[in-house]
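Here is the naming used below: chain letters follow the sequence lines, and residue numbers restart at 1 for every chain. No hydrogens, no waters, no symmetry mates; every other heavy atom, side chains included, goes into these values.
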Number of protein chains: 2
Amino acid sequence: MKTISPGGRTDLTKQKATSFDIAHLAGVSQSTVSRALRNSPLVKAETIELVHKIARQLNYKVDKHASSLRSQQSATLALLLFEDPTSDDSLINPFFHAMLGSITRACAKQGYDLLISFQQLSDNWTGDFADSHKADGLILLGYGDAIDYQPKLKQLEEQGTPFVRWGPQMESTCGIAVGCNNLQGGFDATAHLLERGHRRIAFIGTASNHYPEFFQRYQGYVKAQVQAGVAIDPSLQQDAITNEEAGYQATLTLLERVNDLHAIFAASDLIAIGAMQALKERGYRVPDDIAVVGFDDIPVARFCTPALTTVRQDTRLAGEALVSSLIKQITGQPTAPATIDTRLVVRDSCGEVLGARCEFLDPKSQSRGNRNYVLGSK
Amino acid sequence: MKTISPGGRTDLTKQKATSFDIAHLAGVSQSTVSRALRNSPLVKAETIELVHKIARQLNYKVDKHASSLRSQQSATLALLLFEDPTSDDSLINPFFHAMLGSITRACAKQGYDLLISFQQLSDNWTGDFADSHKADGLILLGYGDAIDYQPKLKQLEEQGTPFVRWGPQMESTCGIAVGCNNLQGGFDATAHLLERGHRRIAFIGTASNHYPEFFQRYQGYVKAQVQAGVAIDPSLQQDAITNEEAGYQATLTLLERVNDLHAIFAASDLIAIGAMQALKERGYRVPDDIAVVGFDDIPVARFCTPALTTVRQDTRLAGEALVSSLIKQITGQPTAPATIDTRLVVRDSCGEVLGARCEFLDPKSQSRGNRNYVLGSK
DNA sequence: CTGAAAGCGCTTACAG
DNA sequence: CTGAAAGCGCTTACAG
């Protein structure tokens, strides 16, 4: 059975329309159609309008492969996620989920398509994405051990593949990074604990250049204490990578070594969750006996018991900064590393806050009700 | 400064190698190179080997656009996520995060690239992805109101765009669906509550053909009660869409209407979380006064207090089934709707389970320790 | 088993 | 402001 398209054209052939079809119908050359579709200032306004109208009638869309092949750019970015051990099946650090949404939206806004894959699925990102022209550039989310990771970045840089990564900008490191202000976040979290009278504050998370984000948070932790005149006790730091189990084990180890603990600053929310579990099992009440602060404000944080006080990173800004920095590299514009502000989100894990009210009832306003104090960093 | 490539070739030009370069070096024609790279049985084994060796030396990768343009297929799928109102910035239903990981992995395994976007970002998916040859087919995750959604599916079908969607297969509906066994899941959840002696069990979630997944869960809820000889009281059902606030409000409404409630079966974990919040605020203890079961087993479920008993969907299988069904459609193989089994994950929200042990300490084995009973569906 | 040739559907100098 | 022509880098009949 024939179908009649909106434009009145009899649609017998399921053939996809080409720019030549439009040229024919519009009575202009195919070159002109191509220019008109891209709204070239070289083309008369009425011609542009006519071409667009016919294109719409024919359901015409520019063939991505033909245009990319000719113009030698794909208008596509590749998001390479680091596969973490996680408690669910996703193998994606929950913090990155929010990033993923904002990166997707930022790409769409800028007219780029987004390819998604896992870093571990390939040992040659340039080959798999740039050399084959699948993507014009790469966004790297997550990395495991920063030192082990270096060679991969070096390789990308040598091969001239545009890329941007989420994380701290280090001198020793390649490429452009967009990251949050870990130092400030760590400072704010620790200052909050100090203000509440805690003095023996532990840091759980690996504080070394293998985990530079954690290291910066640790430096914020140190800075706040120094500023408050509290002596730094190295035995209060305990290594852990970012998952619940590591946080749990590290806390047990810490509790065996230290017996006058006031508070824990966990380098991530996942670590904090593991820490709270360990504290409960050892008979400590949070926050009455030991207060806990996390970092990231992943969705679980507000539903823990007690709800976790933590440091929020602005994932919307972060995603936009990553995408725009990468596009600038691709298009040859100058771009610099960016740092996104953090803010402390106060919930219940550091002490009672009166008039607690459920957070999800008004997600727009973080400060509505009495429970969520959002303290911006200075 | 010159760099010498591993193959010993002086790499003065940053020019990307083409199949002609390989042909020249191998002393064969470009056609032969093309065939050799795809391991065509038409080519002599030693020629294949030689071509691959040279390709490796030159860091050669087949140009995706050139090959896709010529062969008229992109070897790319597009994952279209439905943008939900969520409590974090991601706007992605947390249940879909795990799906995303498994879909990404399944695509890679099958040699397909994966494009990701939001459904709301376009009102013409065929045009934006299929007509432009960006993707050979679409995976649809989430949909809002199923009745409002129909026209979109109808349009895809009419336009001949291959697609697959996560959700229940209905007669009235277009295309191939892959979904979980909602009926069985609803049955198991309700049976679990019945076994624990509860009789006045509420269902929170919109049970209509606008939300067919919820409706099927509701039917499982009805079936279990009928089977147990419990009369169905329609006043125990309360509409809610799948977020915490809706669950919270629905529960408050329900509590005003019903005063002898034993238990709540929430149509999703997000609803269950909102429900538990409402119960707490009204002074009910979970599970002592009122038991709660959810559905989905999102990561938050295990960290709620009490930890949420819920129905888990196997996201790894689901992702694989979605991808393989779509690829079958694309390649013209027959494919049928698939249903993935569910299983009940027993935690603390329906009553004390002795010897509670922390779940994340052994994520592989859900039944280790005494806390997580995993009951397979029959 | 191999090669010469056509052509996928565009964009973009080049010429007017 | 417009058109004729070249060519992006492949795959795939076609001929041998």
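Protein atom NZ of B/Lys134 is 17 Å distant from nucleotide atom P of C/dG9, rounded to whole Å. The nearest whole Å value for the distance from the CD atom in A/Gln72 to the C1' atom in D/dG9 is 8 Å. Between the CG atom of B/Leu69 and the P atom of D/dC8 there is a distance of 13 Å, given to the nearest Å.
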Using the 3.5 Å cut-off, write out each protein N or O paired with an N or O of nucleotides 10-13 of chain C and the distance between them.
| unit_1 | atom_1 | unit_2 | atom_2 | d |
| --- | --- | --- | --- | --- |
| C/dC10 | OP1 | A/Tyr60 | OH | 2.8 |
| C/dC10 | OP2 | A/Ser19 | N | 3.1 |
| C/dC10 | OP2 | A/Ser19 | OG | 2.8 |
| C/dC10 | O5' | A/Tyr60 | OH | 3.0 |
| C/dT11 | OP1 | A/Arg38 | NE | 3.1 |
| C/dT11 | OP2 | A/Ser34 | OG | 2.2 |
| C/dT11 | O2 | A/Arg70 | NH1 | 2.2 |
| C/dT11 | O4 | A/Gln30 | OE1 | 3.2 |
| C/dT12 | O4' | A/Arg70 | NH2 | 3.2 |
| C/dA13 | N6 | A/Arg35 | NH2 | 2.7 |

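Residues from residues 40-47 of chain A placing a heavy atom under 4.0 Å of any atom in DNA chain D, listed by number, are A/Pro41, A/Leu42, A/Val43, A/Lys44, A/Thr47.
Nucleotides D/dG16 and D/dT12, compared at atom C1', are 16 Å apart to the nearest Å.
For B/Ala106, the side-chain contact (heavy atoms from CB on, under 4.5 Å) partners are B/Glu320, B/Val323, not counting sequence neighbours. Qualifying side-chain contact (heavy atoms from CB on, under 4.5 Å) partners for A/Lys328, counting only residues two or more places apart in sequence or in other chains: A/Gln333, A/Thr335. Under the side-chain hydrogen bond (donor to acceptor under 3.5 Å, both in side chains) criterion, B/Gln150 pairs with B/Thr173, sequence neighbours left out. Residues passing the side-chain hydrogen bond (donor to acceptor under 3.5 Å, both in side chains) test with A/Arg35, sequence neighbours excluded: none. The side-chain hydrogen bond (donor to acceptor under 3.5 Å, both in side chains) test applied to B/His52 returns B/Asn39, not counting sequence neighbours. For B/Pro168, the side-chain contact (heavy atoms from CB on, under 4.5 Å) test picks out B/Tyr143, B/Met170, B/Pro212, B/Glu213, B/Gln216, with sequence neighbours left out. Looking at residues two or more places apart in sequence or on another chain, you find a side-chain contact (heavy atoms from CB on, under 4.5 Å) between A/Thr126 and A/Asn124, A/Ala130, A/Asp131, A/Leu156, A/Gln159, A/Thr161.
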> Which dot-bracket notation, 5' to 3', represents the base pairing of DNA chain C when pairs are defined as Watson-Crick or G-U with both distances under 3.5 Å, crossing pairs as [ ], and inter-strand pairs as |?
Replying inline: |||.||||||||.|||
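Here salt bridge (charged side-chain N to carboxylate O under 4.0 Å, His left out) pairs that include residues 68-84 of chain A, with residues two or more places apart or in two chains, are A/Glu83-B/Arg105. Listed by first and then second residue, the salt bridge (charged side-chain N to carboxylate O under 4.0 Å, His left out) pairs that reach into residues 134-157 of chain B are A/Asp113-B/Lys134, sequence neighbours excluded.
In A/Gln110, the CD atom is crowded: over 12 heavy atoms of neighbouring residues, nucleotides or ligands sit closer than 6.0 Å.
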